[in-house]
Amino acid sequence: MTSTLSPDSKPASPGAPKISFVSLGCPKALVDSERILTHLRAEGYELARKHDGADLVIVNTCGFLDSAKAESLAAIGEAMAENGRVIVTGCMGAQPEEIREKYPDLLAVTGPQAYESVVAAVHEAAPPAHDPFLDLVPPQGIKLTPRHYAYLKISEGCNNRCSFCIIPSLRGDLVSRPAADVLREAEKLVKAGVKELLVVSQDTSAYGLDIRYAESPWRDRPVRARFYDLAKELGELGAWVRLHYVYPYPHVDEVIPLMAEGKVLPYLDMPLQHASPSVLKRMRRPGNQEKQLDRIRAWRAACPDLAIRSTFIVGFPGETEAEFEELLEWLKEAKLDRVGCFEFEPVAGATANAIAEPVPPEVKAERKRRFMETQNAIALRLQRAKIGKRMPMIVDAVEGGVARGRSKADAPEIDGTVHASFRRPVRVGDIVSVKIDRAEAYDLYGSVT
């Protein structure tokens, strides 16, 4: 994900330093970018849309995969070429040597979540010229998403130690925010016109574990920092609430009734990664996929509209054809609505790299093709079952008599799109009813009713 500035940013006072910003990586990194920008905007900095002419550039990097590192280094190079005064932050900043080796003239390099260090580096390079009468920041802060949806980060870091992942070494162990802090931020966003809250963290279902589910005061009552309690309170704010990065722990069962009641969107983003017990063991992830199937069946019985999305890795070191076939058979049983598939990519510092012999690139590519063929057939059957039905859609764009948006089963940028013709006025951010006339594996087509 690459994001630029949102229209939330207001004109700054004349002579204010101008900051250009590049945000790379996942939604969690996007929230970090929003926090930095909100802080700088509150101090009177102007937010520039181009590197050329800005006083400096901030690049928030992603360092999870080698391909992400390459994209980050390219973005830094572009900023250096167009501006020359660059501050680097984010996950790749946790390993500054690689960045400094290629770009020794950077103003500063800081790690992820190092908001104070980024701001301090900006102050040193371009001191603020704050005018309290003119420099206004909206109560919800500066957002890099469209006005009608926003990411809501509930924790930092992760306690899991998956063999293919280096996130804990980059971002540290789980650190949960007090529930009241999350709810106050969510309330401000909804009051500012946000219609959809996308809850993100590295492990959303582990929320509150590190602080022993401590209570904090919210409105007229205490609220525990617990997955269910937070979801329940968010569901009372009047916006769509979408849950991302949820591991299938038993206590997730408690949230399904909230989905059936319409309090929370009937949508779960669960990064399962594989289905073969032996591969999952090498990945250091929960390995009883039969129990996962039973849990998914129970969830769907309680909430028939539930949409489940997941991601899987093929070609993990040592993956045999038999293990891959186990994954395909599990996929056919699970009938997941939305699925992403990635070929295993070694990450510097990950223990998975030395677990077994690497799978040849051509085998990884062939397995990904077979995996997606299997999943596309599943998705198409599920999509065709929606033909003739009416469903709500949140509008993301309007052009030429057609509104493009998303159903409750679709998160922005990663899932499908609903295309709907209309005869009455429709605006971005509206939630409208759409009758579905045609379906593809990921997209739906219909008309606003």
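Along the sequence shown, residues carry numbers from 1.
- If you run side-chain contact (heavy atoms from CB on, under 4.5 Å) between M259 and each of D305, L268, L265, only L268 comes through.
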Subject >> Stepwise side-chain contact (heavy atoms from CB on, under 4.5 Å) check, Y207 with S201 >> reply: CA-CA 8 Å; Y207 171 67; S201 68; over 6 Å; no

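- Other residues, nucleotides and ligands contribute over 12 non-hydrogen atoms within 6.0 Å of the NZ atom of K435.
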Subject >> Intermediate values then yes/no, side-chain contact (heavy atoms from CB on, under 4.5 Å), H51 and S20 >> reply: CA-CA 6 Å; H51 298 336; S20 180; 2.7 Å; yes

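- Between the side chains of E116 and H39, no donor-acceptor pair is found at a separation under 3.5 Å.
- A salt bridge is absent between R100 and E98; no separation between the charged side-chain nitrogens and carboxylate oxygens falls under 4.0 Å.
- T311 contributes no side-chain N or O that, together with a main-chain N or O of P271, makes up a donor-acceptor pair within less than 3.5 Å.
- Considering only heavy atoms from C-beta on, W299 stays 4.5 Å or farther from P304 through its side chain.
- Counting only residues at least two apart or on different chains, the salt bridge (charged side-chain N to carboxylate O under 4.0 Å, His left out) pairs with a member in residues 261-273 are E236-K263.
- For the side chain to side chain donor-acceptor pair (under 3.5 Å) with E196, the qualifying choice from K408, R406, H148 is R406, the only one to do so.
- In terms of the salt bridge (Lys or Arg N to Asp or Glu O under 4.0 Å) criterion, K28 has no residue partners (sequence neighbours excluded).
- At least one side-chain heavy atom of F227 sits less than 4.5 Å from a side-chain heavy atom of V246.
- The distance from atom CG of D105 to atom CZ of R85, rounded to the nearest 0.5 Å, is 12.0 Å.
- A donor-acceptor pair is defined here as one N or O able to donate and one able to accept, closer than 3.5 Å; no such pair exists between the side chain of N83 and the backbone of A79.
- Contact annotation: the side chain of V252 never approaches that of E254 to less than 4.5 Å [non-hydrogen atoms, C-beta and beyond].
- Under the 3.5 Å distance criterion, with hydrogens and angles disregarded, a donor-acceptor pair is assigned to the side chains of Y267 and D415.
- Counting heavy atoms of neighbouring residues, nucleotides and ligands inside a 6.0 Å radius, atom NZ of K386 exceeds 12 of them.
- Taken to the nearest 0.5 Å, the CZ atom of R41 stands 15.5 Å off from the CD atom of E34.
- Between atom CD of residue E373 and atom NZ of residue K368 there is a gap of 13.0 Å, rounded to the nearest 0.5 Å.
- If you check the side chains of Y442 and D337, you find no donor sitting under 3.5 Å from an acceptor.
- Between the side chains of T89 and N60, no donor-acceptor pair of N or O atoms lies under 3.5 Å.
- E156 is linked by a salt bridge (Lys or Arg N to Asp or Glu O under 4.0 Å) to R35, K153, R171, counting only residues two or more places apart in sequence or in another chain.
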**OP:** Go through T61 and S72 one step at a time and tell me if the side chain to side chain donor-acceptor pair (under 3.5 Å) criterion holds.
**Re:** CA-CA 5 Å; T61 60; S72 295; 4.7 Å; no

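- Of the inter-residue distances, the one linking I36 atom CD1 with S23 atom OG reads 8.5 Å to the nearest 0.5 angstrom.
- Under the 30°/60° scheme for interplanar angles, the aromatic rings of Y149 and Y151 are found to stand perpendicular.
- With hydrogens and angles disregarded, a donor-acceptor distance shorter than 3.5 Å links the side chain of H251 to the backbone of S205.
- If you take OG on S310 and CG on L272, they are separated by 3.5 Å, rounding to the nearest 0.5 Å.
- Separating the CD1 atom in I414 from the CZ atom in R309 is a distance of 4.0 Å, to the nearest 0.5 Å.
- No side-chain N or O of T110 forms a donor-acceptor pair with one of S117 less than 3.5 Å apart.
- Within a 6.0 Å sphere centred on NZ of K195, other residues, nucleotides and ligands contribute more than 12 heavy atoms.
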